[in-house]
Amino acid sequence: MLSKQPVDPLLLVTDLEVAREFYGTKLGLEVLFEDGEQFITFGCGGDSRIVVTKSSTGTKDEATQVSWRVDDIAAEVAELRARGVEILEFPDLNTVDGIADVGFALAAWFEDPSKNSLGLLQLRG
């Protein structure tokens, strides 16, 4: 059944080389495989992966596309900033230094170069 299977989110990007730099260098994800012209698959925790695929029709979606569960969100935000990633501020969510208390978790957001919304969650409990 699907409830026991891993999921690989697929994100649309307009430039694979820019995506390689962002996900590989800035986020520190390992390239697992690629075809050079259409997609790159990056490894994440456990056996989870993110696949970026080339799109000619655009990419931006206002909703968060991928969110990493982290143990220490402040440390992850600091690490991303040190790597040149801009952490977004949302006054309506009362972010403090890029981190919002959303009740069940602390959360932070950033975008990839194709404007895909990405997030971090430090779950409570």
Side-chain angles (χ1 to χ4, degrees):
M1 291 302 300
L2 293 180
S3 65
K4 306 270 188 222
Q5 304 305 315
V7 173
D8 296 338
L10 184 105
L11 300 174
L12 299 175
V13 300
T14 54
D15 187 316
L16 285 174
E17 285 308 310
V18 170
R20 171 193 286 285
E21 168 68 19
F22 181 80
Y23 287 94
T25 302
K26 287 194 174 184
L27 300 189
L29 304 182
E30 177 186 0
V31 173
L32 298 178
F33 46 89
E34 62 184 301
D35 83 343
E37 295 180 23
Q38 293 299 314
F39 72 89
I40 304 172
T41 301
F42 296 93
C44 296
D47 64 351
S48 61
R49 306 178 298 187
I50 292 176
V51 180
V52 296
T53 186
K54 185 152 176 70
S55 169
S56 60
T57 61
T59 61
K60 186 166 176 156
D61 188 331
E62 295 294 323
T64 304
Q65 300 295 303
V66 172
S67 192
W68 283 267
R69 292 183 307 266
V70 300
D71 294 326
D72 184 345
I73 197 166
E76 295 293 342
V77 164
E79 173 73 19
L80 289 171
R81 283 187 170 134
R83 291 172 172 260
V85 176
E86 179 185 354
I87 303 299
L88 302 173
E89 294 286 346
F90 291 103
D92 56 325
L93 293 176
N94 298 316
T95 51
V96 175
D97 199 26
I99 299 172
D101 184 336
V102 295
F104 72 97
L106 297 175
W109 296 270
F110 56 100
E111 291 180 336
D112 75 4
S114 292
K115 301 297 182 199
N116 288 300
S117 181
L118 310 172
L120 303 173
L121 282 177
Q122 180 181 325
L123 300 174
R124 298 201 189 279

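- A distance of 12.0 Å separates CG in L80 from CD in E86, rounded to the nearest 0.5 Å.
- Under a 4.0 Å N-O distance rule, the pair K26/D112 does not qualify as a salt bridge.
- Ring geometry for F110 against W68 counts as parallel: the plane angle stays under 30°, on a 0 to 90° scale with 60° as the upper cut.
- Residues satisfying the ring-ring contact (aromatic ring centres under 6.0 Å, His included) criterion with F90, sequence neighbours excluded, are W109.
- Residues V51 and L32 share a single hydrophobic cluster, defined by chaining ILVMFWY side chains whose heavy atoms lie under 4.5 Å apart.
- Between F22 and P113, the shortest heavy-atom contact is CG-CD, 3.4 Å.
- In this structure, V13 and I40 have side chains that are not in contact, with every pair of non-hydrogen atoms separated by 4.5 Å or more.
- L123 is connected to V102 through a chain of hydrophobic side-chain contacts under 4.5 Å among Ile, Leu, Val, Met, Phe, Trp and Tyr, so both are in one cluster.
- Heavy atoms only, all atoms of each residue included: Q38 and T53 are closest at O-OG1, 3.0 Å.
- Judged purely by atom type and a 3.5 angstrom limit, T64 has no side-chain atom pairing as donor or acceptor with the backbone of S117.
- When side chains are defined from C-beta on, N94 does not count as touching D101, because their heavy atoms never get closer than 4.5 Å.
- At most 12 heavy atoms of other shown residues, nucleotides or ligands fall within 6.0 angstrom of atom CD in E30.
- From E76, atom CD reaches atom CZ of R69 across 13.0 Å, with rounding to the nearest 0.5 Å.
- Between the side chain of N116 and the main chain of L12, a donor-acceptor pair closer than 3.5 Å is present.
- Cluster annotation: L93 is connected to L88 through the hydrophobic network of ILVMFWY side chains, with a link wherever side-chain heavy atoms come within less than 4.5 Å.
- The backbone N or O of S114 sits nowhere less than 3.5 Å from a side-chain atom of T14 that would complete a donor-acceptor pair.
- The pair D97-R81 counts as a salt bridge, with a side-chain nitrogen and a carboxylate oxygen less than 4.0 angstrom apart.
- Rounded to the nearest 0.5 Å, atoms OG (S67) and CG (L120) are 6.5 Å apart.
- Distance check: S55 OG to L16 CG gives 10.5 Å after rounding to the nearest 0.5 Å.
- Nearest heavy-atom pair, S48 versus D8, reported as atom, atom and distance to 0.1 Å: C-OD1, 4.4 Å.
- The two residues Q122 and D71 come nearest to each other via the heavy atoms CD-O, 3.4 Å.
- Side-chain heavy atoms closer than 4.5 Å link hydrophobic residues (I, L, V, M, F, W, Y) into clusters, and following such links, even through other members, never connects L11 to L121.
- No path of Ile, Leu, Val, Met, Phe, Trp and Tyr side chains, each step under 4.5 Å between heavy atoms, connects F39 with L29, placing them in separate hydrophobic clusters.
- Smallest separation of non-hydrogen atoms from L27 and R83: C-NH1, 4.2 Å.
- Nearest heavy-atom pair across I73 and L106 is CD1-O, 3.5 Å.
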